There are 2 protein chains.
Amino acid sequence: MTNIKKVSELAGVSTATVSRTLKSPDQVSLATREKVLEAVKAAGYRPNWLASSVKSGRSNTIVVLVPNLVNPFFMRIIGGIEQAAQEKGFSVLLGDTQGSPAREHEYASMVLTNRADGLIQLDHSFPFSAADADLAEDLPMVSVCERIASEKKYPVIELDNYAASRALAHHLLGYGHKHFAAIVGQVSSQIYRERLAGIRSVLQEEQIPFEQAQITGGAYTIEAGIAGVEHLLSLPQRPTAIFCFNDDIAIGAVHAIKKAGLRVPEDISVVGFDNIKVSAFIDPPLTTVDQPAYDMGRRAVEVLVSQIRGEPLVRSKEVLPFQLIERESSGPAPL
Amino acid sequence: MTNIKKVSELAGVSTATVSRTLKSPDQVSLATREKVLEAVKAAGYRPNWLASSVKSGRSNTIVVLVPNLVNPFFMRIIGGIEQAAQEKGFSVLLGDTQGSPAREHEYASMVLTNRADGLIQLDHSFPFSAADADLAEDLPMVSVCERIASEKKYPVIELDNYAASRALAHHLLGYGHKHFAAIVGQVSSQIYRERLAGIRSVLQEEQIPFEQAQITGGAYTIEAGIAGVEHLLSLPQRPTAIFCFNDDIAIGAVHAIKKAGLRVPEDISVVGFDNIKVSAFIDPPLTTVDQPAYDMGRRAVEVLVSQIRGEPLVRSKEVLPFQLIERESSGPAPL
DNA sequence: TGTGTCAATGTTAAGGTTTACATTGGCTAA
DNA sequence: TTAGCCAATGTAAACCTTAACATTGACACA
């Protein structure tokens with residue numbers, strides 16, 4: 001291992017001068033600087049990041065907890081996180097939790113052990129174990145999309161899910177639909193409650209019933225979409241419009257509807273959520289709500305880094321704009 | 001910051017005993033152990049990972065260079081990497097390079113600065129800058145899917161792209177196709193050459209021409225698939241079967257073909273590569289080659305970690321099995 | 001009793017870097 | 001000439017943990 005001491009000997013200066021040459025060159029005379037840089041090159045020296053980090057007490061690293069790596073929506077968020085982190089001189093540790101609390105605990109504890117300076121949670125759970133909870137009190141943590149379930153309010157970057165769902169509902173009402181269903185993904189989350197409330201509020205205003213039987217789900221997957229449709233088609237009153245709580249579910253739903261010999265949107269309209277890339281290119285292209293995933297990731301990093309730097313929190317909640325994307329998977333209700 | 005010294009004072013023992021209690025408890029008497037653990041709890045102490053890492057000289061971290069985070073195939077690989085890394089006590093630093101050499105250099109240099117112990121490259125370039133190249137000589141590095149372009153042969157986990165392409169070609173020949181085209185994604189990569197060679201070898205055996213004009217591409221994206229089809233449909237001799245070098249391209253190709261008023265597979269057969277999740281659920285479901293992405297990621301970590309541990313390299317190249325997945329996007333050639 | 005052994009614990013150096021403080025020496029201004 | 005200043009550099013402590021080596025003391029056995 002070539003270390004700073006070896007370089008200092010090679011250049012005939014002290015280790016402090018080597019350090020200064022690399023970190024604050026203006027404090028070193030030109031002649032010495034050149035001498036040192038030459039020695040650095042000759043020795044093939046690269047400063048040991050671990051050593052400087054232990055000195056500063058900062059790892060300049062953030063850990064991101066993702067429930068599901070293969071979800072393209074999350075990946076767009078992470079793309080934004082990665083980009084912004086890099087710009088700010090941070091690196092990103094990936095924490096694929098698969099929704100497992102044990103894994104969440106493990107990754108979250110990295111912030112307690114100086115392995116990371118802060119964390120971004122993409123799921124809705126409070127990621128620390130009960131044992132760590134009190135230590136986690138004032139740690140930099142930000143959530144994206146979901147709100148972290150805890151007494152203390154951590155900053156959150158989110159969408160107005162209530163309004164977005166209302167927009168989808170109005171869109172479908174405009175097509176004359178009267179029989180609705182929802183395939184909701186993960187129950188027990190903030191998102192679930194808000195979106196459902198948004199839909200309910202619109203239907204109530206129009207005095208359209210929306211029964212429990214019409215609400216199904218379990219996960220944000222294509223399979224859940226297929227299973228949801230199979231369930232819905234077995235009901236006595238078939239819905240003419242289905243809210244899917246993300247685009248993967250919607251893709252599964254469209255697939256299952258077509259497989260059952262029905263048409264989208266002629267027989268059943270399907271709307272999704274997230275606007276993932278592929279949604280525009282399936283048949284029929286998906287009506288959905290666009291979330292600015294990349295920007296949400298970027299913003300999360302900005303908020304997190306300012307927390308890490310100890311700057312006062314401006315807003316504990318930021319709501320980013322959504323956009324209703326009307327495509328061909330939704331259309332007039334059948335007569 | 002509560003450190004080990006504070007705990008040692010609280011417990012009335014030396015720092016060494018605290019360290020031993022946590023790292024090798026069998027060396028400490030039961031009574032002391034309990035005393036120390038109580039103090040640890042009372043102080044809310046968590047060992048500083050940076051400090052122990054600088055001591056050991058190991059960060060137990062690997063950095064993964066990904067050209068494109070949103071590609072679900074890469075994400076499956078990374079899922080495998082993440083899982084295996086966690087099992088082996090490593091964490092994963094994410095390096096979203098967007099194909100930019102500057103970013104590759106930056107992430108790769110993390111291995112030189114003790115920020116990471118090894119790296120996994122998902123692209124085909126040698127990720128170190130020219131200045132770092134000689135330092136990078138013997139660093140732990142593994143590539144997945146693509147082979148790293150350098151004199152020194154780094155271990156690679158890959159697929160038999162040649163054989164897989166031959167399988168696809170035979171599949172299409174079996175349907176009576178005679179006019180082929182390919183939308184190839186990134187040119188200049190190993191994958192490109194091998195897959196093309198595989199297709200060419202089969203067509204040559206059957207004395208079927210395969211002209212340069214029929215080969216198009218540029219990126220592994222849906223848009224490239226669309227652009228590719230638009231180009232191919234403008235040619236005097238329209239192909240009846242299109243090889244797409246990944247499923248995203250194939251999804252774009254199917255979309256564009258349908259948009260042009262043609263049918264898949266009745267007018268044109270389309271085959272993809274990778275078998276991403278959504279490929280089974282688009283219309284028509286995609287004929288493709290399944291790559292064991294998750295296992296490739298896992299295996300890459302195993303090889304990398306054994307390199308990090310200084311174990312001798314068993315094989316510098318591991319070829320994992322592919323599987324031809326025949327679905328409805330390919331069918332008999334039109335008359 | 002004395003010696004040897006061993007488990008338990010303490011002391012301290014080491015890991016590589018940064019930085020507060022100290023030193024050097026050249027220069028200016030009175 | 002000399003005090004004073006300042007830029008350049010050096011010295012050594014600090015960051016926190018770990019581990020090699022040292023010490024202690026209890027116990028066994030001759």
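No hydrogens, no waters, no symmetry mates; every other heavy atom, side chains included, goes into these values. From a predicted model like this one, the values you see are computed outputs, not experimental measurements.
Close to dT17(C), at under 4.0 Å from its OP1 or OP2, lies no side-chain N or O of S53(A). Between T17(A) and dG10(D) there is a side-chain polar atom (N or O) within less than 4.0 angstrom of OP1 or OP2.
For P72(A), the side-chain contact (heavy atoms from CB on, under 4.5 Å) partners two or more places apart in sequence, or in a different chain, are D248(A), I276(A). Every side chain to side chain donor-acceptor pair (under 3.5 Å) that T32(A) has, sequence neighbours left out, goes to S29(A). For the side-chain contact (heavy atoms from CB on, under 4.5 Å) test, residues two or more places apart in sequence or in another chain that qualify with S56(B) are R58(B). In this structure, E38(B) has no side-chain contact (heavy atoms from CB on, under 4.5 Å) partners at least two apart in sequence or on a different chain. Partners of E318(B) under the salt bridge (Lys or Arg N to Asp or Glu O under 4.0 Å) rule, at least two apart in sequence or in another chain, are R299(B).
At a non-hydrogen distance threshold of 4.0 Å, nothing from residues 27-44 of chain B comes into contact with DNA chain D.
Atom P of nucleotide dC16(D) and atom CG of N114(A) are separated by 8 Å, given to the nearest angstrom. Atom NZ in K6(A) sits roughly 11 Å away from atom P in dT17(C) (whole-Å rounding).
Applying the ring pair (Phe, Tyr, Trp, His ring centres under 6.0 Å) rule to pairs touching residues 108-141 of chain B yields F126(B)-F128(B), sequence neighbours excluded. Applying the side chain to side chain donor-acceptor pair (under 3.5 Å) test to every pair with at least one member in residues 78-90 of chain B, sequence neighbours left out, gives these pairs: R103(A)-Q83(B), R103(A)-Q86(B), Y107(A)-E82(B), Q83(B)-E87(B), E87(B)-R298(B). Among pairs with a residue in residues 44-101 of chain B, none fulfils ring pair (Phe, Tyr, Trp, His ring centres under 6.0 Å), at least two apart in sequence or across chains.
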What string of B, S and - do you get for nucleotides 17-27 of chain D, 5' to 3', if B is base contact, S is sugar-phosphate-only contact and - is no contact with any protein heavy atom under 4.0 Å? BBBB-------
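Between D132(B) and R46(A) there is a salt bridge, since a side-chain N of the basic residue sits under 4.0 Å from a carboxylate O of the acidic one.
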Tabulate below the donor-acceptor pairs under 3.5 Å that side-chain atoms of residues 17-25 of chain B make, not counting sequence neighbours, or state none.
unit_1: T17(B); atom_1: OG1; unit_2: S14(B); atom_2: OG; d: 3.3
unit_1: T21(B); atom_1: OG1; unit_2: T17(B); atom_2: O; d: 2.6

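At a cut-off of 3.5 Å, with distance as the only test, a side-chain donor of S91(A) or R115(B) sits close to an acceptor on the other residue.
As judged by a 4.0 angstrom heavy-atom cut-off over every strand, V18(A) is placed among residues making no nucleic acid contact.
Over its length, the helix from dT1(C)-dA30(D) to dA30(C)-dT1(D) turns its helix axis by 60°, as judged from the five terminal pairs at each end, rounded to 10°.
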